[in-house]
Amino acid sequence: METSLWRALLYLVGIMAFAGVNAAWLGWCERKGAARIQRRIGPCEAGFAGLLQPLADGLKLLSKQLLVPQGVDGIIFRVAPVLAMIPAITSMAVIPFSENIGARAMELSVLLLFALASIGMIAILLGGWASGNKYAIISAARAVSQNLAYEIPMLITVITVVMISGSMNLRDIALDQQGGFWHWNIFRLENGHFLTMWISFIIFFICSVAETNRAPFDMAEAESELVAGFMTEYGSMGFGLFMMGEYLNIVVGACLTATLFLGGWDCPFGLTPGVWWFLLKIYILIFTFIWIRWTYPRTQIYRLLNLSWKILIPFSLANLLVTAALIKVF
Amino acid sequence: MTVPVHLRHDETFVLNLGPQHPATHGVLRVKLTMDGEYVVKAEPVLGYIHRMHEKLAEGGTFAQFMPNTARMDYLHALAFNHGWALVVEKAAGIEVPERAEYIRVITVELNRIASHLLWWAAFLLDLGGFTPLLYAFDDREKIIDLLERITGSRLTYCYMRFSGVYNDIDDEFVAGTRDFIKRLRGRMPRLYHDLVTHNIILIKRIKDIGFVSAEQCRRYGATGPVARGSGIDYDIRKNEPYSVYPEFDFDIPVFPEGDSMARYMVRMHEMEQSMRIIEQALDKLPGGPVMGKAPKVLKPEAGYYYSAVETARGSLGHRLVCNGDKNPYKLKLRSPTFSNLSLFGEVAEGMLLADALAFMGSLDLVIPEIDR
Amino acid sequence: MGEENVPASIVQFAQLDKLLNLGRANSLWPMTFGLACCAIEMMCTGGSRYDISRFGAEVFRPSPRQSDVMIVAGTINKKLELAVKTLYDQMPEPKWVIAMGNCAISGGPFKVKGNYNVVEGADKLFPVDVYIPGCPPRPEALLEGIMTLEEKITGKRRWPRVHPG
Amino acid sequence: MGLLERTQAALAELFPEAASAPGAAGEGGAEAPPREIGILVTDPGKHGSHLDVLCHPAQVVAVAQILDREGYFLEAISGVDWLDKQQFEVVYDYNRLGGEHCRVMVRTALDRTHPVVPTISGVFPAADWHERETFDFYGIHFQDHPNLIRILLPEDADFHPLRKDYMP
């Protein structure tokens, strides 16, 4: 993969465009999806069927007064939203969109992804801490304990996938699953992996919902308890960046789930694989994120942590052992 | 069972669940002394929407106070109208025709269902679920349409007069009510119970949270669904029958557990009982006038009068003192939520912030009724 | 409804200003600030039947930092006056106020000789952009209020104005 | 009714000297018989309460303890300002929570210049807020109340609105 300057520039613009469009229009999808679930019409006045609504929100947020309240740690207050956006966009560089569309196919791309995910967590902590608002501090403390608790089972399930496909490179993992859905990791039939793969898929999906702080695990930005969580003091584009960061995290979570378990850019019926299959899988997963958010109430913080420490981690560890045993036996 | 916690009390901080907070549904401020996320001491601060209703009562005549009653508890405004009409009719000795009594019961029970629907929506909004609000409002709009046809307003009704009701109900209203009851009965098991009540997250969220004992209810004077959720069988429509309630047979849902889940189930069953009352009232609706004879300017005898009415939140009492001239000498409104909230301080100690808010939601507060 | 243009900044970019105003008008995020009976009608407007989300305004932000329009729905009394003033000051700059209901316009049913506790009108505290009469005003009136505010921001009316009678 | 007689008997010990006016049926209302203290059985249909007890301010706590023993709960405390008689009056309403219905109204008259009455929030915690509200509106001072501050009006208000001679 010779690294010519043109290719790097092309991918830079491509990923920024993909991230920007996704961050904005996911907001539109969420509001339309929520409206559909709640039997009402979503935004339909701005442009055709409300398609210009994210544009209107973006313009409004850009042109609002940037307000840094008193008694606030100035530098961290400004850095936190940016820090929430950086990991989400950089982790898109490693995601293999298709056979030959993929910015960088690094050897340890899975490791890079999870390193960046923890930066997102730190951003929430900094945002909550810097804004000096009691609600924000409670929400930051909750966010850290939640993300920490849900990163461990996520990592363990990824290890099971890496063990099966034998490489940490996302592109190899996806290549390994080509040729029809029976080759995908979920339905991998040879040497009995399909059972353990299902369990790790479920655990992985629960963790990705919890990782992006979305209901029923939205402890950090608990709308009705902590006013607006760690975003309470953030006004215009600070709040905008946090929201875009959250939506991009959903996109990255969906891409990861698709690549690891649903066979990346592979076509389910063995026809010609391509990037549109990949995008289709992502948007189906994103719709389930939205669907879950608008149907379930919020759990309590101690049940959320119990779920992870007492149920998800033991299960994923057992899953890891079983997979290792199966590989050893067959 | 709140989480056992050893409250160290050494680094507590004061958190203001301020007048503007999404979970207080109005302008109630609770001064929370917190230790981490556990509530050490909770002290509600009232008065942010005190609107001088009692001073206005002393200023105007008896009839001029009727619109004010609806502005106190706008979710169950008709019960407040009914309470005020009852106490003045008792004081001045005015007869109410049979049909008017039936119409009063039908409209009050419809309004009670609307109030419980809005409580259910707001309670789930507190717990983080947004969608139930839209489904409950869908049903509530149907009731508001029915009541708007005969009373003329959507929320703050001024429908009752001192010798009956202002407007007669027609067949379209009767047919509309029957359709509404059939529709809500169809939706209740599938939408309200399967989708929400049996949802494991909701059950974990409100089961064994905010335990209120029967003795606490008696000492703090909590009535209505809060008392019935703690095993006290007290409903004014049964214990101190007024109007034509004795002629209907309905039962009072009482749950002994005393936690938020019990209060939740009491209100859900009460909706069912209200529908039963409405159906029986519609079947036995007599003919005749809806307005009896009442003197233009009421001058009730001097004396002390008290009437209690069962609203969606508890027993609403009117302590009326008259000294013989045309406006009330003194009116004290015993608001149910005022007493229901007074036990919040004692029960919310040691709970998590999220559980304390779930408990406050299960108390079904309407702040202008507390502050009057 | 004057044609008075909201001056966005010292340097006037005519076209950019129009575009920004159009963006602002289409995404007015109200602050959840329900005080009394009008708050219930505001919730009904957010419901499925009247659906304020068609105008991109269904995102009810709890914190004043992220909201553009403060819908004063209810009575402001002397104990709450300071809190309301602080909330208004905490909102970032292009902000508007809708006084919903008679209590927010002029104290409504509580503007009497013996009034010792109610602030008679929100405009005693801060400039109000749109007044919506009614006690409580119907959800359609609130939607009309939001459209009037949008007309005030952009100068163009979204739907033809229906003249009564 | 068993409950009414039992309550009446229990209360009677408090007022040994004044024979309780037997069944005056309350048609004259509270003013007609100028009685100092005592128990009056009134018709609930008209007045809403079964018993009308008039007692000294000092006996208020005793009455509360008797009714607490009988299983009553405190429904409301209201103040009345009799400007012409230069008197404040505090009206306590007790009621039964469940079981038989019997409402008891207890009234005490206080001097208007410095109205003081002992608090019953020790017996009924519900009285805590009701008494703060009565203090807020009338300025009636409740002795050794845990924190007798204003509840509905702003803390720095210096007037008592519901007094008859108050006009802003």
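Residue numbers start from 1 in every chain, and the chains themselves are labelled A, B, ... in the order their sequence lines are given, proteins ahead of strands. Hydrogens, waters and symmetry mates are skipped; everything else that's a heavy atom, side chains included, is used.
Within a 6.0 Å radius of CD in B/Glu172, other residues, nucleotides and ligands contribute 12 heavy atoms or fewer. Shown here is B/Lys31, whose NZ atom has no more than 12 heavy atoms of other residues, nucleotides or ligands within 6.0 Å. Under a cut-off of 6.0 angstrom, the local environment of NZ in C/Lys85 is crowded, with over 12 non-hydrogen atoms contributed by other residues, nucleotides or ligands. Shown here is B/Tyr166, whose OH atom has no more than 12 heavy atoms of other residues, nucleotides or ligands within 6.0 Å.
Between B/Gly47 and C/Asn77, the closest heavy-atom pair is O-ND2, 3.2 Å. Closest approach of C/Gly46 to B/Leu134, counting heavy atoms only: O-CD1, 3.8 Å. The shortest heavy-atom contact between C/Leu80 and B/Tyr48 is CD1-CD2, 3.5 Å. The shortest heavy-atom contact between B/Gln20 and C/Pro62 is NE2-O, 2.9 Å.
Among B/Asp73, B/Ile49, B/Val27, the residue making the largest number of heavy-atom pairs under 4.5 Å with chain C is B/Ile49. Per-residue heavy-atom pair counts under 4.5 Å with chain C were compared for B/Leu118, B/Leu75, B/Asn68, B/Asp145, and the maximum is reached by B/Asp145. Listed options C/Ser48, C/Gly34, C/Pro109, C/Gly47 were ranked by heavy-atom pairs under 4.5 angstrom with chain B; first place goes to C/Ser48. Between chain C and the options B/Arg29, B/Glu58, B/Arg140, B/Glu148, heavy-atom pairs under 4.5 Å are most frequent for B/Glu148. Among the candidates C/Ile40, C/Val118, C/Val112, C/Leu35, the residue making the largest number of heavy-atom pairs closer than 4.5 Å to chain B is C/Ile40.
Residue contact with chain B, scored on non-hydrogen atoms closer than 4.5 Å, is absent for C/Ala39. When heavy atoms are compared at a cutoff of 4.5 Å, C/Met31 approaches chain B solely by way of its side chain, counted from C-beta outward.
B/Lys55 is linked by a side chain to side chain contact (heavy atoms under 4.5 Å, CB included) to B/Met52, C/Tyr116, D/Leu162, D/Tyr166, counting only residues two or more places apart in sequence or in another chain. Residues passing the side chain to side chain donor-acceptor pair (under 3.5 Å) test with C/Tyr50 are B/Arg154, sequence neighbours excluded. Under the side chain to side chain contact (heavy atoms under 4.5 Å, CB included) criterion, B/Pro67 pairs with B/Arg71, B/Cys158, sequence neighbours left out.
Atoms CD and CD1, on C/Glu41 and B/Ile144 in that order, are 6.5 Å from each other to the nearest 0.5 Å.
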**OP:** Go through the steps to decide whether B/Phe137 and C/Met43 satisfy the test side-chain contact (heavy atoms from CB on, under 4.5 Å), and finish with yes or no.
**Re:** CA-CA 9 Å; B/Phe137 269 54; C/Met43 283 159 84; 3.8 Å; yes
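Against chain C, the residues from residues 121-133 of chain B that qualify, each with a non-hydrogen atom under 4.5 angstrom away, are B/Leu133 in number order.
Of the charged side-chain nitrogens involved, none lies within less than 4.0 Å of a carboxylate oxygen, so that B/Asp371 and C/Lys79 do not count as a salt-bridged pair.
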